[in-house]
Amino acid sequence: MAGGGGGGGPLLVLDDVSKRFGGLLAVSHLTLTVRRGELRCLIGPNGAGKSTVFKLIMGFERPSGGAITFDGTSIDRWPTWRRARQGLSIKMQIPGIYPELSVAANMRVAAQYHVRGGQMEEAIGRLLARVGLAGLGHVLTKNLSHGEQQWLEIGMALSVNPKLLLLDEPTAGMGPGETGATAQLIESLNADGVTILVIEHDMTFVRQIARTVTVMHLGQVFAEGTIAEIEAHPGVTDIYLGKT
Amino acid sequence: MLDVSHVTAGYGRTMIVRDVSLAIQPGEIVAIIGRNGVGKTTLMKAIIGLLPLVQGTISLAGAAITAAPANDRAQRGIGYVPQGRGIFPGLTVEENLEMGTLINARVGGERRHDVAFQYFPHLAERRRQRAGTLSGGEQAMLAIGRVLIGRPTLMLLDEPSEGLQPNLVQQIGDDIKRINAELGTTVLFVEQNIELVMNLSQRGYVIDKGQVSATLSVAEVTNQDALIRHLTV
Amino acid sequence: MRRGGWLLSAENVAFVVFLSFLLVYPLTTDEFSVLNTAYFMAISLMALSLALIWGKAGILSFGQTAFFGIGGYLYGIYTLNVLGSGATWIGILAGVVAGAIVAATLGYFMFYGGVNDVFVGLTTLALTLVLQTFMAQTAGSEWTVGEARLNGYNGMYVPQISVGDAPLYGKPLYFLYLAFLIGVYLLLRWLSGTRWGYGLLALQENRPRTETFGYNVRLMQVQVFCLAGAVAALSGVLYASWGSYIDPSSMGITAAITPVIYVAIGGRRSLTAAMISSMILLKVSQSLASSAPQYALVIFGLLALLAVLFVPEGFMVAVFNALDRWVFRRPPANHGGETNDATPGTRQVS
Amino acid sequence: MLDGVFNALYQFQVSFSFLLLSAIGLAVIFGMMGVINLAHGEFMMLGAYITTIVATAGVPVPLAMLLGALGVGLFGAIVEILVVRRLYGRLLDSVAATWAVGLILSQGMLILTGPSMQGISSPFGSFSVGATSYSWYRVVLGVIALVLLGSLYLVFMKTRYGLRARATIQNPAIAQALGVDTARMYTITFALGSALAGLAGGLFAPTATIVPFFGTNYIVEAFVTVIVGGANALVGTPIAAMLLGAVNAALGTEFGLYIGRVGLLLTTILIIRVLPDGISGLLDRWRMRPTGTRSGK
């Protein structure tokens, strides 16, 4: 399906989901629907609960209440690996690459459940080219630059042919050039039909890529709409300035 | 007071802060502002010494501390209030305060919990309570009160407003101003909360993508429109 | 990924030289040395087992000696009770399966319980020591299983491996052991290159991340623990039948530490280094044993300490890497069996 | 009947004190640094040797035991500085390295002193309840275990070192940023844990034969107690020692020493299936349970 508007049916549904850590309610009765083909940004001030939402979707944390449905199936009781095989994929905030393995080995580790052995080399080459790392397969991953490591991780997350790709701060620590390239990459992935949910702080980046923006605040959805609507929303400015 | 010169620092091969220079005079209150994820917290960690520098130098009151470990910098007089407060949840309020006694230990002198209670009387009622059970506002007070015990010459505050209700933000700002005025403590703080920046700072630096992108005068740090340009979405 | 010449690495050359030597060796020496070397090969399977569990999967297990003992005892109990042709072969299988079952059970409790890292070491060491103390008190005549008398520290008699009714001796025994050693080695090297083997490398570095790529991490941990237990049990079977004897000291603390020491010195990430260095160190240890066995262990302890502190990849692997770089002109090959390159120091963060 | 009750209590008390004394040094180091000192048994052995040699030379036995603790504590500090410190963040390597240290110690002792040494006799004699004779010294050991636990509690709860140690456990970076020299804290803690191992060795010396493998008699107890107790030495370790002491005493009295040990292991394996972080992990979770007060971030 063509990228853009997000006219497909619901792919991921979080229904009244909460997560409590001790005395802290990190996610509070959150309801959120991601539709097939969407490219959506999740923004909000520090501590709004964005990364916790990703952890709940991926199964690193279990919700204290509420239900998560993915692709029409309730996945609440599934371990992480099963969610992954069902088409959920993540690029984490803290780099989730294997520094002691080569770039190609990293890709292979990621792709093994989704690419047949015979097509592995070809698939790895294609994916590395896609994320701008062509020809670097033999490099030891810890020797990549920071931006390259981020792209590698996007490539790894992509190699599983995800139905939904979760990107947690894909441009963190990148310079302006790298940020722009990353935005283009994400747009082209979405144009190819990958549904993407991305947490990002860099608003230039958000403006460039986002069709829909969800603003989180205090563990809840605070506002939702197009980037223009969000920028015009007086409350959103206020929460960023700490007024509410 | 504090001289940060051409500092580059980061994690592994990732340089989050690049070639940053700051100069803070004794008695000043200076803000570091910028959006999420631009390197403000990394800069604070580099100043207190929790992150080694790749390049650059730091000196405190004329003495080079570039290579000193964090505990040494604290003992030389820096009181660090980290992002998320960094209180010890399993220790009582009183024990948390006691942990501040090593700050400025080079100078020595009497270290009494009264200083903290003087500015945050609310803490006195909770002194035997586990710090982990305090509310967010109380934890913020505890984190500042804890460093006050050692009478730091320089306080580093990393987002003191984080997670606080607006009235508490106002309160904390006033408290910090009183501390600065009455104890003469120099204050360098990282903040995104515009109210607090306007309430507190005498001048400021803007950080963007790991670098100082602008310096702000008194007029600019109290001008809402100027700040909004640097801070908002 | 590079293709051409990937077989030509220091590690592979070392293996070929090692294998050639072992194939030729029996033709050049006396019966005693041949049997003695067969003994080394039996013990070296322990090193392979440890290189698999510790080097490939990042699980430090001190329980391999427990599985070693279980294999040896079970083999003995089976072959003493079931006589007739072919019994010893099924006995070998029985020992190996017993080791695998115990390892799988313990592994289930540990890994599905969420126990990892140091706690696995502690738990497996406790298993080893408890099994030893249990076997130590079986001297009484009530501790018999059918025809097999466990016999505490006096040791249990264990039948030798036989073909028909004739026990294997000399060169046939030697080549049988060689076949076991090389067979297991090749199996493990093959497994390291499969999807499963790559998964192990990945989970060793980052378990939660590896789960997000669809790997059932806990199950894989149980699987590799079970496989390593089976290899250790095979080692125990071959050891027991070689000497017609097993006693609880084979599960003692010294028995538990020596393979760890051998593998730490040689290099835990390389099956080849672990296997070859354990053969060499066993030989050295035996040469010293007649004069002063305790000196050998002190020296090995110091070597292991130096290795951990200063050459964490292991002495033999360090040599392999140096040879790869300077002789074979290729990047070191001990990262997932893939070639890789550590050269691009020129690129900078923008 | 009363005899039986007394016997059961006595056995429980003995099991408890041996478990606690064996484990406490290991637990202190593990709780603070996350490092498992696999030379723990050899440190106990070293304590037993120093105590025995010094006592044989004519020094009063209690003083000899303290000297043993002191000597092993110093040795521990050296090991921390030379070995353990270099392996922070490489947990498995630190385990392997301390094991190598243990091997060097036990084999070195074998070279230096030979396979065994004349021990010191158990002080205080014995007493009888009903037809059974009991050792006073083992009762005293129980008292010492409790006194030691109490002293440790005071050290960790009432001294500056203790406060800084607890803060370092909770958040080493913040503790350091508040002026605590965390590297020195680790050295002191490792030395303290080693001294406790040495003291335990000295205390056990009169009850056992003095051989280079002395420590292996106690490390199973030490390890299972630490596994079950978890990272909190002050709370987890004594509770684990009580629980395992009960199992050990019950099975040991009925079926003998070895079955008692097997029981310890099986109990441990069952407990880790439910409580991977041990008893202190459970207590922490309970302590941090939701209280209903909503704190800010």
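Scope of the values below: all heavy atoms of this structure, side chains included, with no hydrogens, waters or symmetry mates.
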Hey, does C:Arg268 have a side-chain heavy atom less than 4.5 Å from the side chain of D:Asp93?
-> yes
Interface moiety of D:Val262 toward chain C, non-hydrogen atoms closer than 4.5 Å | both
Chain C contact via D:Val83 - which portion, at a heavy-atom distance below 4.5 Å | both
If you tally heavy-atom pairs under 4.5 Å between each of C:Thr133, C:Ile261, C:Val115, C:Thr123 and chain D, the highest tally belongs to C:Thr133
Output the option from D:Ile269, D:Val220, D:Ile259, D:Leu265 having the highest count of non-hydrogen pairs under 4.5 Å with chain C.
-> D:Leu265
If one checks every heavy atom of C:Leu303 against chain D at 4.5 Å, the contacting part turns out to be neither
Within 6.0 angstrom of D:Phe213 CZ, more than 12 heavy atoms from elsewhere = yes
With a 4.5 angstrom heavy-atom cut-off, could you sort out which part of D:Leu91 is near chain C: side chain, backbone, both or neither?
-> side chain
So which part of C:Leu60 gets closer than 4.5 Å to some heavy atom of chain D, the side chain, the backbone, both or neither?
-> both
Aromatic centroids of C:Phe119 and D:Phe223 separated by under 6.0 Å = no
Looking only at D:Gln107, D:Arg86, D:Glu221, the option with the highest number of non-hydrogen pairs under 4.5 Å against chain C is D:Gln107
Which of D:Leu103, D:Val274, D:Leu275, D:Asp277 touches chain C most, by non-hydrogen pairs under 4.5 Å | D:Leu103
What's the spacing between D:Leu92 CG and C:Ile59 CD1 if we round to 0.5 Å?
-> 9.5 Å
Heavy-atom check, side chain of C:Phe62 versus side chain of D:Val95, under 4.5 Å | yes
Heavy-atom proximity to chain C below 4.5 Å, by part of D:Leu82 | backbone
Interface residue of largest heavy-atom contact number with chain D, from C:Ala126, C:Ala136, C:Gly58, under 4.5 Å = C:Ala126
Nearest non-hydrogen partners of D:Ala100 and C:Gly301, listed with the distance = CB-O, 3.6 Å
Select one option (side chain, backbone, both, neither) describing which atoms of C:Leu127 are under 4.5 Å from chain D's heavy atoms.
-> both
Using a cut-off of 6.0 Å, state whether more than 12 heavy atoms not belonging to D:Arg90 lie near its atom CZ.
-> yes
Side chain, backbone, both or neither of C:Val298 within contact of chain D (heavy atoms, under 4.5 Å) = both
Around atom CD of D:Gln118, are there more than 12 heavy atoms of other residues, nucleotides or ligands at under 6.0 Å?
-> no
Interface moiety of D:Leu87 toward chain C, non-hydrogen atoms closer than 4.5 Å = side chain
Any chance you could measure C:Leu302, atom CG, to D:Ile104, atom CD1, to the nearest 0.5 Å?
-> 4.0 Å
Hey, what do you get for CD1 (D:Ile219) to CG (C:Leu125), rounding to the nearest 0.5 Å?
-> 5.5 Å
Can you tell which part of D:Leu266 gets under 4.5 Å to a heavy atom of chain C, answering side chain, backbone, both or neither?
-> neither
How many angstroms lie between atom CE of C:Met110 and atom CD1 of D:Ile227, to the nearest 0.5 angstrom?
-> 10.0 Å
Between C:Phe111 and chain D, which part of the residue has a heavy atom less than 4.5 Å away: side chain, backbone, both or neither?
-> neither
In terms of heavy-atom proximity below 4.5 Å to chain C, should D:Thr268 be classed as side chain, backbone, both, or neither?
-> neither
Under 3.5 Å, is there a donor-acceptor pair between the side chain of D:Arg261 and the main chain of C:Leu129?
-> no
